Number of protein chains: 2
Amino acid sequence: MTSIETVSADGENKPENGAGTKSTVAGDAYRKLRALILQGALLPGQKLKFEATQQELGLSASSLREALTRLVSEGLVASAQRRGFSVAPVSIEELEDITRLRNILEPLALRDAIEHGDDAWEAQILATYHRFSKIDAVQGDAPGIVDEQWSHWHRAFHEALVAACPSRKTMQFRSVLFEQSERYRALSVARRTQPRKKSDEHRRLMEAVLSRDGDAAEALMIRHVTMTTEFVIQALAAAQQDDGGRI
Amino acid sequence: MTSIETVSADGENKPENGAGTKSTVAGDAYRKLRALILQGALLPGQKLKFEATQQELGLSASSLREALTRLVSEGLVASAQRRGFSVAPVSIEELEDITRLRNILEPLALRDAIEHGDDAWEAQILATYHRFSKIDAVQGDAPGIVDEQWSHWHRAFHEALVAACPSRKTMQFRSVLFEQSERYRALSVARRTQPRKKSDEHRRLMEAVLSRDGDAAEALMIRHVTMTTEFVIQALAAAQQDDGGRI
DNA sequence: GCCGTCAAAATTTTCGAAAATACGCTTGGT
DNA sequence: ACCAAGCGTATTTTCGAAAATTTTGACGGC
């Protein structure tokens with residue numbers, strides 16, 4: 001048995017692993033579509049017509065269907081039987097639901113990681129934080145722009161924090177929820193009118209984790225997740241007034 | 001917007017809804033395969049060759065692929081890139097992982113349900129418990145037989161208990177974990193040598209829930225989940241000695 | 001005798017077109 | 001003028017075969 005494909009987000013498959021990666025058409029489509037949805041390029045509710053989507057990604061119906069099926073089970077795409085697929089709708093209620101569960105699973109994973117983490121785990125946290133903080137510091141304060149690099153390292157950092165958690169299931173669910181949250185954040189960023197205000201939440205979180213202070217880490221994590229959601233809700237609510245609820 | 005297909009187990013789609021159900025080939029295959037895996041007819045690790053599986057279910061490669069993809073994301077099937085699919089392997093560690101998370105999510109959903117449940121919810125609990133208890137009382141004590149009816153009403157009862165929980169995400173994850181647990185239980189039943197000993201756990205659980213006693217319900221639920229897992233582990237460990245770990 | 005290489009066979013993955021279904025529009029009736 | 005039914009079009013779903021990849025087995029060199 002070689003490499004079992006995990007259900008979701010394996011962080012990032014490097015373009016090369018040994019003798020050249022073997023990607024699949026359906027897998028590529030899945031990742032591409034996921035990226036488009038996560039960065040808000042495809043809007044919630046938008047219909048994903050086969051012919052158009054197919055052409056855009058350059059693949060056959062069956063493969064596209066496979067990719068979409070995968071996204072459905074991750075909650076990023078909705079499927080109406082025999083009426084095709086569409087980008088999953090968003091709602092403040094759903095975001096609150098996601099947040100509530102995240103506030104349970106993230107601390108759970110974090111405490112596990114703190115308990116089991118080794119030197120490599122610590123190093124990885126430091127490394128990803130470094131990358132993230134550089135980008136975070138530089139990142140343009142111009143609203144309305146979804147920064148791919150920022151998202152990437154933000155995710156990598158959060159992933160690194162909990163990477164030492166030995167529970168596969170917890171990690172899996174956590175990852176799905178994180179992803180869903182990210183979509184909301186991206187949507188709110190795209191609609192944001194005020195510049196983002198930077199914070200040192202991530203640094204403090206990292207420090208608590210590295211000093212193996214479970215209680216502090218949990219508190220900071222919950223605060224981080226909760227506050228992020230609050231900002232997102234504000235931005236979405238404001239945008240919705242202009243939109244007339246278009247998203 | 002009519003009916004959005006949910007990610008997993010909608011309990012059971014009735015054969016008729018209004019003007020005749022519209023099933024899809026891929027969806028049927030998905031349900032059929034899932035049933036086979038859950039009742040242990042397909043053994044863990046077993047390769048799911050396309051030609052054979054396709055013929056058995058009578059469908060094309062693409063549709064089968066779609067069904068398998070769905071099962072992968074529910075953790076019942078494993079996919080090795082370009083080397084096809086196989087029934088997800090089992091391990092005591094995984095079962096313990098599943099159990100640990102279930103012991104968090106089930107009580108969470110249960111407390112929510114107790115808080116929000118209305119008369120219809122109570123009625124449904126009573127109804128499904130009635131069906132379940134009848135079958136549970138009669139059920140042959142002969143080991144080695146997986147009773148479809150028992151499984152069905154057992155699941156329905158547990159689903160009914162938490163049905164009033166308003167958190168979609170919690171319900172979704174709970175459902176996935178319940179399903180995975182069921183597979184382990186089925187596998188242990190098939191290998192069980194001693195007759196099952198009946199208990200009144202379910203009745204007491206129901207009573208606590210209906211009397212809206214969250215603490216008692218939580219305690220009973222955790223006990224139920226934990227003890228079930230312990231039995232399963234015992235049976236699997238015993239069987240593994242004979243098998244030489246074949247499953 | 002063992003290892004690496006190459007080709008045949010088995011298997012999975014992908015495609016492009018056919019079948020099935022839903023949608024919208026016109027038409028005919030009241 | 002309004003509704004229903006029927007028909008053509010748009011769209012999704014399914015199929016069966018082609019393409020790509022892995023596995024197997026045999027051969028020849030070391």
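What you see is a predicted model, and the numbers here were worked out from it, not measured in a lab. In what follows, chains are A, B, ... by sequence order, proteins preceding strands, each numbered from 1.
Looking at A:Glu182 and A:Ser151, their side chains come closer than 4.5 Å, going by heavy atoms from C-beta outward.
B:Ala156 pairs by the side chain to side chain contact (heavy atoms under 4.5 Å, CB included) definition with B:Thr128, B:Trp153, not counting sequence neighbours. Checked against side chain to side chain contact (heavy atoms under 4.5 Å, CB included), A:Ala35 has the following partners two or more places apart in sequence or in another chain: A:Gln39. Scored by the side chain to side chain donor-acceptor pair (under 3.5 Å) test, B:Glu122 finds B:Arg212 as partners (sequence neighbours excluded).
Sorted by first then second residue, the salt bridge (charged side-chain N to carboxylate O under 4.0 Å, His left out) pairs that include residues 57-69 of chain A, not counting sequence neighbours, are A:Arg65-B:Glu66, A:Glu66-B:Arg65.
A:Phe173 and B:Phe173 have parallel rings, their planes meeting at less than 30° on a 0 to 90° scale where 60° marks the start of perpendicular. Ring pair B:Phe132/B:His154 is tilted by interplanar angle, where 30° to 60° counts as tilted.
With hydrogens and angles left out, the side-chain atoms of A:Tyr30 and A:Glu74 include a donor and acceptor closer than 3.5 Å.
Look at CZ on A:Phe50: it is 15 Å from P on C:dA22, rounded to the nearest Å. Rounded to whole Å, the distance from CZ on A:Arg82 to P on C:dA19 is 16 Å.
In the region residues 52-64 of chain A, proximity to DNA chain C at under 4.0 angstrom, judged on heavy atoms, holds for A:Leu59, A:Ser60, A:Ser62, A:Ser63.
If you walk DNA chain D from 5' to 3' and mark each nucleotide with an atom closer than 4.0 Å to a heavy atom of chain B, the marks span D:dT14 to D:dT23.
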